[in-house]
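First listed ligand is number 1; within each ligand, the first listed atom is number 1.
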Amino acid sequence: MTFNGAFSITINGAAQGTAKTIEVLNPANGKVFAQAPDASRQNLDAAVAAARKAYPGWRALPYSERQALVSALGAKLLEHADAFKELLTLEQGKSHYWSQFEVAGSAMWLQMVAQQTLSVTVNESTPERHSETRRVPLGVVGAIVPWNFPILLAAFKIAPALLVGNTMVLKPSPYTPLTALKLGELAREVLPPGVFNVISGGDELGPWMTEHPGINKISFTGSTATGRNVMRSAAGTLKRLTLELGGNDPAIVLPDVDIPRVVPKLFWAAFLNSAQLCLATKRLYIHEDIYEPIVKELVKFSASIKIGDGSLPGVQLGPIQNRRQYERVLELIEGARRQGLKFLTGTTPMQGPGYFVPVTLIDNPPDDAPIVTEEAFGPILPLLKFHDIDEVVARANDTCYGLGASIWSRNESLAQNIAARLECGTVWINEIHYTMPNAALAGHKQSGLGVENGLDGLLEYTVPQTVILRKAPNPV
Ligand code: NAD
């Protein structure tokens with residue numbers, strides 16, 4: 001596949017035209033480099049109709065055939081990994097290294113999830129009766145994904161939803177529609193028509209999907225604010241929902257760590273993908289005994305990081321993905337300045353073009369500062385001093401979010417003990433961001449509803465069906 005600049009939506013296994021297009025910008029220079037289809041309500045209706053038509057046949061296929069086809073989509077993506085990597089950097093901004101990682105991860109996800117299976121529960125098996133509960137698909141799944149990991153977060157949904165027999169309409173973010181559209185093109189060669197439809201569009205397309213009577217479930221990844229709107233809108237047709245939302249993840253650093261070893265890990269915990277990661281460390285709690293040396297090393301490490309256009313060699317951090325988010329991050333930084341907070345790095349704004357923000361470390365702000373209480377989703381990190389475990393656990397839990405957390409210590413049992421007290425879906429000890437298709441990823445509190453990945457994630461795309469058979473010789 002060559003990415004020749006032409007992008008089309010995929011409906012019923014074929015390209016479909018749209019009357020309008022949306023501009024796609026390269027965030028490293030702010031310039032428009034592609035036009036993406038702007039799907040209308042009629043395009044959405046056509047996509048849903050195609051998915052509904054394909055559903056009975058897809059559902060009826062033997063499980064092993066769907067396993068093979070979902071896995072084949074992963075293999076197809078791998079064949080084109082280089083082209084996807086370049087396109088992803090162009091539309092999203094991340095470095096080639098991380099684009100490669102995301103594309104390979106997406107292919108791996110499709111292939112590994114395809115190995116998962118569902119089991120049947122036998123409730124009763126007697127000479128008179130056999131009762132069992134099995135899992136059946138839901139119908140048409142509407143998948144809505146954000147702009148920070150546009151293809152990986154789509155793969156999180158495509159693989160389990162299709163595997164268990166649903167069909168899908170995928171909508172990428174208007175900021176990063178291109179890789180998803182190309183994945184739709186690849187799928188035309190692999191999957192039966194209508195099983196996987198991809199449509200891009202403007203701000204109205206998401207709400208049209210969440211209220212659409214032909215869609216049975218919405219699997220949404222995005223901000224908590226939008227998640228609330230999705231829930232409200234889906235209520236009209238009582239759709240099933242999986243919501244993977246925002247986070248404000250704490251990292252807790254205990255005094256027994258080896259400082260030079262831990263500092264690069266803490267840096268990347270917060271700043272990977274220019275901190276545009278739901279599971280990024282967004283509050284860094286450091287024990288008071290090591291606060292000063294950790295801060296000193298972090299400042300030094302930050303100075304060694306190369307920020308720039310992700311397509312250039314050696315660049316480690318790219319730009320903020322879009323102007324709206326860029327302005328929000330600048331506003332938070334400006335607010336911190338107005339509040340008189342102490343900046344350890346990031347005092348000088350970066351010169352354009354492109355939506356670049358320097359690595360910004362804030363020295364021990366108060367717990368109620370917006371930079372501590374809000375999800376920044378950009379490279380500004382509060383460093384917070386703590387005195388004892390009870391205090392830091394209470395501060396870590398003092399948020400409406402509950403996505404992830406990390407604990408850094410050589411004392412494994414103490415760390416395990418702290419993990420058990422944290423109110424969030426994933427806790428890492430001495431590493432971070434390790435996520436696999438077989439491990440549940442769930443947001444507690446207002447970080448989400450439902451689960452992605454693992455067996456729990458697979459079950460989210462099914463409903464139980466109990467079948468009770470009254471056996472012969474007891475004829476009707
Ligand atoms: P967003 O909520 O603005 O948009 C996400 C998607 O929803 C986009 O495709 C958008 O077009 C669509 N959308 C917008 N309004 C909609 C509506 N009313 N109805 C239906 N769809 C609508 O989020 P974003 O700014 O693209 O992404 C950043 C956010 O996503 C952050 O809060 C981040 O923490 C979160 N996120 C969460 C996870 C997770 O797994 N929990 C992963 C990545 C990102």
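Here Arg328 pairs with Glu374 in a salt bridge; the nearest charged N to carboxylate O distance falls below 4.0 Å.
Remark: ligand 1 atoms within the under-4.0 Å shell around heavy atoms of Ile144 are 6 (C), 7 (O), 9 (O), 12 (C), 20 (C), 21 (N). Counting the atoms of ligand 1 from 1 in the order shown, those under 4.0 Å from a heavy atom of Thr226 are 1 (P), 2 (O), 3 (O), 13 (N), 14 (C), 15 (N), 16 (C), 17 (C), 22 (C). Contact atoms of ligand 1 toward Pro207: 17 (C), 18 (N), 19 (N), 20 (C) (distance under 4.0 Å to a heavy atom of the residue). If you number the atoms of ligand 1 from 1 as listed, the ones under 4.0 Å from a heavy atom of Gly246 come out as 32 (O), 34 (O). The ligand atoms of ligand 1 that sit less than 4.0 angstrom from a heavy atom of Arg324 are 3 (O), 25 (O). Distances below 4.0 Å separate heavy atoms of Pro174 from the following atoms of ligand 1: 11 (O). Near Leu153, the atoms of ligand 1 lying under 4.0 angstrom from a non-hydrogen atom of the residue are 42 (C), 43 (C). Close approach of ligand 1 to Ser173 (heavy-atom distance below 4.0 Å) involves ligand atoms 9 (O).
With sequence neighbours left out, Lys239 forms a salt bridge (Lys or Arg N to Asp or Glu O under 4.0 Å) with no residue at all.
Checked against a 3.5 angstrom limit, the closest N/O atoms of Thr210 and ligand 1 fall outside it. For ligand 1, the polar-atom distance check against Leu245 finds a nitrogen or oxygen pair separated by under 3.5 Å.
Thr224 is listed as a side-chain neighbour of Arg228, based on a closest heavy-atom distance under 4.5 Å.
Within the structure, the side chain to side chain donor-acceptor pair (under 3.5 Å) test picks out the following pairs touching residues 241-251 (sequence neighbours left out): Lys217-Thr242, Thr242-Glu460.
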